[in-house]
Amino acid sequence: MIPQQPARVHTIDVTECASDAPELTWQQQLADIIRTPEDLLSYLQLPSSLLNDAQRAADSFALRVPKAFANRIVKGDVNDPLLRQVLPLGEELAPPPVGYSLDPLGEVSANAQPGVVHKYRSRVLLIVNSACAVHCRYCFRRHFPYSDNQLGLQQWQESLAYVKQQPEVNEVILSGGDPLSSNDSRLFKLLEMIEALPQITRVRIHSRLPVVIPARLTNALIARLAQSRLKVVLVIHANHQQELDKEVANALLKARQAGLHLLNQAVLLKGVNDKLSDQIALSERLFEMGVLPYYLHLLDPVVGAHHFDIPLQQAQQLHHDMQLALPGFLVPKLVRELASQGSKTPIPPLVVPN
């Protein structure tokens, strides 16, 4: 368990984030990662008392933190909201509450064929790869059978043949892992194959990389997406405004100026973004960068993540307060995803007595 310290308010002066050091390519940054709890604690000047539990939890779900992301974590602060998303804790190994499972969204049963998850009527999700830039400790796919969903060119053709046989499907969602951890050659080939399906009008890319390693949004990638005959929606994943530094802002503004539609989805996490000030700052910062808040997810009940959960009424109260504090277009929808439902399930509003 992380020892509690007095809460601190973190602000980042984005004008001071630039460095005179040679800029690494996104591939170099993707390779420049912290892989062990010992190295993470040392890099961030954290107490060694955290090591034993961190090692045990990392044995169950590997630690992976790019230094590009770790550099936004305040050194020495065990309550840093970015640290809490990536540091393995002993709580992950505790018996989970009733209702937690290895497959909380029912994706295995919806795994129509290798690489394809078909839960919703008008859209299908492609598991482009199993690789993520960062391993978030609350990840709902931390137990997903990626070994059964490794796709090469032949398998992609089979997957898209399945899509072609579903005339009600008009949107393809690229997910993973993280689809943008694939190189341009592989990604562009898949995009070309999707564009060849006349029924498809949109492609949606769900990716954490524009936040974790914003250099991934290269001019070549943005240009190719902007040139597509499809409407391209890039859904990023940021949970806290501290993640959104100058490099992230520049990359996303470039994508927005190229005509890409930018949305953000976040997960409501205890000790990370469960305060009204956190949510206001996140929405305002996203809008500065041309990104609209899209979803605020309740925690998916995956084994190993229950320590991030907050009571439903607390989530409803927070969302109610956000509606009072923000314009409607900056208030994300509060939702949960249920395995048995054909869409996201909106959380009913808090009933406020007259």
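Sorted by first and then second residue, the salt bridge (charged side-chain N to carboxylate O under 4.0 Å, His left out) pairs involving residues 114-132 (not counting sequence neighbours) are Lys119-Glu337. A salt bridge (charged side-chain N to carboxylate O under 4.0 Å, His left out) check over residues 205-220, counting only residues at least two apart or in different chains, returns the pairs Asp184-Arg216, Arg208-Glu243. Applying the salt bridge (charged side-chain N to carboxylate O under 4.0 Å, His left out) definition to pairs two or more places apart or across chains, those involving residues 221-231 are Glu195-Arg224. Applying the salt bridge (charged side-chain N to carboxylate O under 4.0 Å, His left out) definition to pairs two or more places apart or across chains, those involving residues 28-39 are Asp32-Lys67.
If you chain together hydrophobic residues whose side chains sit under 4.5 Å apart, Leu191 and Leu209 fall into the same group. Both Leu174 and Leu221 are part of a single hydrophobic cluster, where members link through side-chain heavy atoms under 4.5 Å apart. Follow the hydrophobic side-chain contacts under 4.5 Å out from Val335 and you never reach Val272; the two are in separate clusters. Ile222 and Leu253 fall into different hydrophobic clusters, defined by Ile, Leu, Val, Met, Phe, Trp and Tyr side-chain heavy atoms under 4.5 Å apart, directly or through other members. Note on Val235: it clusters hydrophobically with Leu292, by side-chain heavy-atom contacts below 4.5 Å among ILVMFWY residues.
Taking Ile, Leu, Val, Met, Phe, Trp and Tyr as members and joining any whose side-chain heavy atoms lie under 4.5 Å apart, directly or through other members, the hydrophobic cluster of Phe140 also contains Leu105.
The number of heavy atoms from other shown groups lying within 6.0 Å of OH (Tyr162) is above 12. The local environment of NZ in Lys344 is crowded, with over 12 non-hydrogen atoms from other residues, nucleotides or ligands closer than 6.0 Å. Residue-environment remark: CD (Gln313) stays at or below the threshold of 12 foreign heavy atoms within 6.0 Å.
Closest approach of Leu50 and Leu46 over heavy atoms only: CD1-CB, 4.4 Å. The heavy-atom pair separating Ala315 from Leu268 by the smallest distance is CB-CD2, 3.6 Å. Val232 approaches Leu225 most closely through the heavy-atom pair CG2-O, 3.4 Å. Closest approach of Pro332 and Met322 over heavy atoms only: CD-CE, 3.5 Å. The nearest pair of heavy atoms linking Leu262 to Gly290 is CB-O, 3.8 Å. Val134 approaches Pro66 most closely through the heavy-atom pair CB-CD, 3.9 Å.
By the side-chain contact (heavy atoms from CB on, under 4.5 Å) test, Asn219 is found to be paired with Lys254, residues two or more places apart in sequence or in another chain being considered. Scanning for side-chain contact (heavy atoms from CB on, under 4.5 Å) contacts around Ile280 gives Leu276, Glu284, Ala325, Leu326, with sequence neighbours left out. By the side-chain hydrogen bond (donor to acceptor under 3.5 Å, both in side chains) test, Ser283 is found to be paired with no residue, residues two or more places apart in sequence or in another chain being considered. With sequence neighbours excluded, the residues satisfying side-chain contact (heavy atoms from CB on, under 4.5 Å) with Pro327 are Phe329, Leu330. Partners of Ala70 under the side-chain contact (heavy atoms from CB on, under 4.5 Å) rule, at least two apart in sequence or in another chain, are Ile34, Tyr43, Val65. In this view, Tyr295 and His297 satisfy the ring pair (Phe, Tyr, Trp, His ring centres under 6.0 Å) rule, not counting sequence neighbours. With sequence neighbours excluded, the residues that form a ring pair (Phe, Tyr, Trp, His ring centres under 6.0 Å) with Tyr138 are His237, Phe308.
Between the side chain of Gln316 and the backbone N or O of Pro348, at least one donor-acceptor pair lies under 3.5 Å. Side-chain atoms of Asn183 come within 3.5 Å of backbone atoms of Ser185 as a donor-acceptor pair (strictly under, hydrogens ignored). With Arg137 contributing its side chain and Arg84 its backbone, the two residues share no donor-acceptor pair below 3.5 Å. For Glu247 (side chain) and Pro214 (main-chain N/O), no donor-acceptor pair under 3.5 Å exists by modelled atom type. Of the possible donor and acceptor atoms, none in the side chain of Arg142 sits under 3.5 Å from a partner among the backbone N and O of His135. Counting only distance, with no hydrogens or angles, the side chain of Gln279 and the backbone of Leu318 share no donor-acceptor pair below 3.5 Å. Under the 3.5 Å distance criterion, the side-chain polar atoms of His306 are left unmatched by any main-chain donor or acceptor of Tyr100. Between the side chain of Asn170 and the main chain of Arg202, no donor-acceptor pair closer than 3.5 Å is present. Counting only distance, with no hydrogens or angles, the side chain of Ser175 and the backbone of Leu125 share no donor-acceptor pair below 3.5 Å. Of the possible polar contacts, none joining the Thr201 side chain to the Glu171 backbone as a donor-acceptor pair under 3.5 Å is found.
Rounding to the nearest 0.5 Å gives a distance of 11.5 Å between NE2 of His206 and CD1 of Ile236. Atom CE of residue Met289 and atom CZ of residue Arg256 lie 13.0 Å apart, to the nearest 0.5 angstrom. To the nearest 0.5 Å, atom CG of residue Asn71 and atom CG of residue Leu44 are 8.5 Å apart. The OG atom of Ser207 sits 7.5 Å away from the CG atom of Leu217 when rounded to the nearest 0.5 Å. Here the CG atom belonging to Leu286 is positioned 10.0 Å from the CD atom belonging to Gln241, to the nearest 0.5 angstrom. Between the CG atom of Leu244 and the CZ atom of Arg72 there is a distance of 8.0 Å, given to the nearest 0.5 Å.
Residues Leu298 and Leu312 are in side-chain contact: their nearest non-hydrogen atoms beyond the backbone lie under 4.5 Å apart. Within the 4.5 Å cutoff, side-chain heavy atoms of Pro81 are placed close to those of Gln242.
Of the charged side-chain nitrogens involved, at least one lies within less than 4.0 Å of a carboxylate oxygen, so that Arg56 and Asp53 count as a salt-bridged pair.
Partner of Trp156 under the side chain to side chain contact (heavy atoms under 4.5 Å, CB included) criterion, out of Val128, Ile194, Leu126: Val128 alone.
A side-chain donor-acceptor contact under 3.5 Å links Asp321 and Gln317.
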So Val124 and Val172, side chain to side chain contact (heavy atoms under 4.5 Å, CB included) or not? Walk me through it.
CA-CA 5 Å; Val124 298; Val172 172; 4.2 Å; yes

Derivation and outcome, side chain to side chain contact (heavy atoms under 4.5 Å, CB included), residues Leu282 and Asn239
CA-CA 7 Å; Leu282 176 60; Asn239 294 315; 5.6 Å; no

Step by step, would you call Arg285 with Asn264 a side chain to side chain contact (heavy atoms under 4.5 Å, CB included)?
CA-CA 11 Å; Arg285 180 69 177 135; Asn264 181 68; over 6 Å; no

Report the C-alpha separation of Leu263 and His261 in whole Å, then their side-chain angles, then the decisive distance to 0.1 Å, and conclude whether the side chain to side chain contact (heavy atoms under 4.5 Å, CB included) test is met.
CA-CA 7 Å; Leu263 304 174; His261 303 274; 5.8 Å; no

